[in-house]
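The structure under discussion appears below in the form of structure tokens.
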Protein chains: 2
Amino acid sequence: MIRLQEDFYSKNDKMYVATDCIIFGFDEGKLKLLIFRRRVEPLKNSWSLIGSFVRLEEDVDQAAKRVLTEITGLENVFMEELRSYGKAERDPGFRSISIGQYALIRLDEYDKELVKKHGAHWYEIDKLPELVLDHNQMVEDALERLKRKARYKPIGFELLPEKFTIPQLQQLYEAIYQKELDARNFRKKVLSLNVLVKLDEKDKSTSRRGAFLYKFDHENYQELLESGYDFKIA
Amino acid sequence: MIRLQEDFYSKNDKMYVATDCIIFGFDEGKLKLLIFRRRVEPLKNSWSLIGSFVRLEEDVDQAAKRVLTEITGLENVFMEELRSYGKAERDPGFRSISIGQYALIRLDEYDKELVKKHGAHWYEIDKLPELVLDHNQMVEDALERLKRKARYKPIGFELLPEKFTIPQLQQLYEAIYQKELDARNFRKKVLSLNVLVKLDEKDKSTSRRGAFLYKFDHENYQELLESGYDFKIA
DNA sequence: GCAAAAGTGTTAGCGCTACACCCATGG
DNA sequence: CCATGGGTGTAGCGCTAACACTTTTGC
């Protein structure tokens with residue numbers, strides 16, 4: 001881009017702007033988080049979220065996407081800003097602020113080799129180790145946001161494979177809300193929303209009988225939105 | 001604070017971090033916004049939100065509070081982070097990101113002289129002029145947030161005087177939601193929450209009969225929260 | 001034939017919405 | 001006495017939550 005020649009603001013302070021990704025996944029009925037060992041001083045080798053400094057020529061959300069792609073090989077992932085972390089003393093290296101971004105990824109799609117190469121690991125959300133700086137706070141905030149948001153927006157589906165069963169979906173919501181749900185009421189509710197398409201296929205991996213697979217119907221969801229929102233799960 | 005001697009991150013880019021305040025008020029049955037004429041180049045004299053660069057030694061939210069106090073004379077105002085604005089090309093002066101913060105203030109409390117001295121003006125929310133940079137977007141986002149949040153948290157009360165009448169409260173919610181509400185249902189709902197204290201005083205400024213004044217009951221609200229949240233207005 | 005998960009309906013209670021009239025008072 | 005805004009009750013509907021049994025099938 002073209003910059004004005006003079007830096008009008010030069011009497012003010014500059015600092016580093018970082019972005020950190022809170023990456024959620026869902027596997028074995030558990031919510032999981034992708035963290036890794038920090039590769040730079042200070043606090044080298046401590047557990048940390050995955051992040052990067054924002055470069056002068058890139059948007060903040062571009063920076064977050066760049067990092068996510070580097071580590072998982074995925075593009076077009078659901079990612080949304082959580083909030084900023086701007087305490088003056090948050091980083092012992094030098095004054096920096098970080099924009100937390102949370103991402104939801106499908107555990108059957110990411111590049112496992114790439115993740116391993118970066119020293120990243122999946123941890124169950126309630127068994128996380130201590131993370132550097134304010135990263136545990138970021139995780140806590142992200143989890144709270146996920147809980148609230150999953151209730152009114154169909155973001156939960158971002159954590160499931162394209163095809164999923166109703167019991168899987170219920171397990172996911174139970175993991176997010178951290179409470180058990182009634183199977184009959186849950187099924188009734190999600191089906192009544194009219195945003196699931198039943199497929200002619202069954203998943204037999206968890207029972208002899210097998211459970212029908214469904215897909216999320218993006219078109220019907222758009223229609224639902226346009227006719228005055230009403231989405232709500234559990 | 002004590003900084004490490006070496007700047008570990010020095011191969012990365014630094015930039016300006018600003019914070020901009022979206023300041024709401026409520027008067028004459030209308031939602032209003034406090035804006036002013038920008039005093040620095042570039043875009044000097046254009047309409048703008050009130051903001052500041054964040055200094056190396058201050059927290060981002062401290063910076064926002066500093067600005068708010070400078071302009072209104074108020075402390076302890078409700079203020080909350082909206083989100084960050086981090087597009088690479090958002091500021092023609094130099095690369096900067098801004099953290100938007102929205103604030104709710106009582107129009108009977110702020111320092112009118114101070115506001116005038118800073119060249120600030122109250123505008124009705126739906127009659128705003130064009131603002132610099134991405135500030136119109138910030139206002140739009142803040143209004144959306146206010147609409148959503150006022151429904152589940154008692155933040156609306158931050159816009160009213162300490163003592164207010166039910167019809168005033170209703171007017172406020174009508175201004176926020178931009179739709180009319182039924183007076184009987186509204187009264188029933190807010191009183192059923194058990195977070196209002198009826199006073200032995202009437203406000204006679206808007207009718208011959210006068211309307212009873214109420215206060216928000218912070219203690220009862222805390223109890224309500226602790227016994228499993230349930231707050232919801234309209 | 002049995003174990004284990006998938007799938008299916010009904011009822012009661014609660015909260016929301018819609019709706020029309022009397023009350024108090026100052027002028 | 002009248003104009004103006006303040007204040008009150010009820011009935012119907014839809015959503016939610018609670019709850020138990022039958023179906024399928026691989027072993």
Side-chain angles (χ1 to χ4, degrees), chain A residues 28-30 147 150-152 160-161 163-175 177-215 224 227-234, chain B residues 28-30 148 150-152 160-161 163-175 177-215 224 227-234:
Chain A
E28 304 167 329
K30 307 273 191 180
K147 280 186 196 178
R151 196 169 234 102
Y152 298 102
L160 292 175
K163 300 174 181 181
F164 53 86
T165 67
I166 306 274
Q168 261 181 298
L169 184 62
Q170 180 177 343
Q171 271 198 333
L172 170 64
Y173 274 91
E174 289 179 336
Y177 299 157
Q178 298 173 319
K179 79 175 202 191
E180 299 199 347
L181 301 172
D182 180 277
R184 280 167 295 190
N185 292 338
F186 183 81
R187 178 181 296 266
K188 208 187 317 166
K189 177 91 71 56
V190 297
L191 290 178
S192 75
L193 291 172
N194 242 15
V195 294
L196 297 188
V197 188
K198 186 175 188 173
L199 304 176
D200 255 343
E201 261 175 283
K202 280 189 165 186
D203 169 21
K204 297 220 160 195
S205 63
T206 55
S207 75
R208 310 195 193 288
R209 180 180 179 178
F212 278 103
L213 288 162
Y214 289 78
K215 277 199 321 194
L224 180 67
S227 65
Y229 345 88
D230 247 90
F231 188 91
K232 177 147 178 266
I233 287 192
Chain B
E28 304 167 327
K30 307 274 193 181
R148 197 162 41 73
R151 195 170 235 103
Y152 298 103
L160 292 175
K163 301 174 180 182
F164 52 86
T165 67
I166 306 274
Q168 261 181 299
L169 184 62
Q170 179 176 343
Q171 270 197 336
L172 170 65
Y173 274 90
E174 288 179 336
Y177 299 157
Q178 298 172 320
K179 79 174 202 192
E180 299 197 347
L181 301 172
D182 179 277
R184 280 165 296 188
N185 292 338
F186 183 81
R187 177 181 296 266
K188 208 186 321 165
K189 177 90 70 57
V190 296
L191 290 179
S192 75
L193 292 172
N194 241 16
V195 295
L196 297 188
V197 187
K198 187 174 187 173
L199 304 176
D200 255 343
E201 261 176 283
K202 281 190 164 186
D203 170 23
K204 297 218 161 196
S205 64
T206 55
S207 75
R208 311 194 192 288
R209 178 181 181 177
F212 277 103
L213 288 162
Y214 289 78
K215 277 199 322 194
L224 179 68
S227 66
Y229 345 88
D230 246 90
F231 187 90
K232 176 147 179 266
I233 288 192

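Naming: A, B, ... by sequence-line order, numbering from 1 per chain.
Checking C:dT25, D:dA17, D:dT16 against every side-chain atom of B:R209, the shortest atom distance belongs to C:dT25. When the nucleotides C:dA6, C:dG9, D:dT8 are ranked by their closest atom to the side chain of B:R187, D:dT8 comes out on top.
Both A:G210 and B:A234 lie near DNA chain C, and the one whose nearest nucleotide falls closer to the 5' end is A:G210. For the pair B:Y214 and A:D182, both in contact range of DNA chain D, the more 5′-proximal nearest nucleotide belongs to B:Y214.
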Problem set entry | Audit row: B:I166, B:Y214, side-chain contact (heavy atoms from CB on, under 4.5 Å) steps and yes/no | CA-CA 7 Å; B:I166 306 274; B:Y214 289 78; 3.4 Å; yes
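A salt bridge is absent between B:K179 and B:E174; no separation between the charged side-chain nitrogens and carboxylate oxygens falls under 4.0 Å.
When the P atom of D:dA18 is taken as reference, atom CZ of A:R184 falls 11 Å away, rounded to whole Å. For the pair A:F186 CZ and C:dG7 P, the interatomic distance rounds to 12 Å; values are reported in whole Å. Per the geometry, CD1 belonging to A:I166 stands 17 Å off C1' belonging to D:dT23, to the nearest Å. In this structure, A:L191 atom CG and C:dG7 atom P are separated by 10 Å, rounded to whole Å. The CZ-C1' distance, from A:F212 to D:dT25, rounds to 13 Å in whole Å. Taking atom CZ on A:F164 and atom P on C:dA6, their separation rounds to 15 Å, with Å as the unit.
The phosphate of C:dA4 has neither OP1 nor OP2 within less than 4.0 Å of any side-chain N or O from A:R208.
Summarising the local packing, NZ of B:K189 is surrounded by more than 12 heavy atoms from other residues, nucleotides or ligands at distances under 6.0 Å.
For C:dT10, the base has a donor-acceptor partner in the side chain of A:K188 [N/O atoms by modelled type, under 3.5 angstrom]. B:K189 contributes no side-chain N or O that forms a donor-acceptor pair with the base of C:dT17 under 3.5 Å.
Residues from residues 194-207 of chain A with heavy atoms under 4.0 angstrom of DNA chain D, sorted by number: A:K204.
Separation of atoms CG (B:L169) and CZ (B:R187) is listed at 10.0 Å; rounding is to 0.5 Å. The distance from the CG atom of A:L181 to the OH atom of A:Y173 is 10.5 Å, given to the nearest 0.5 Å.
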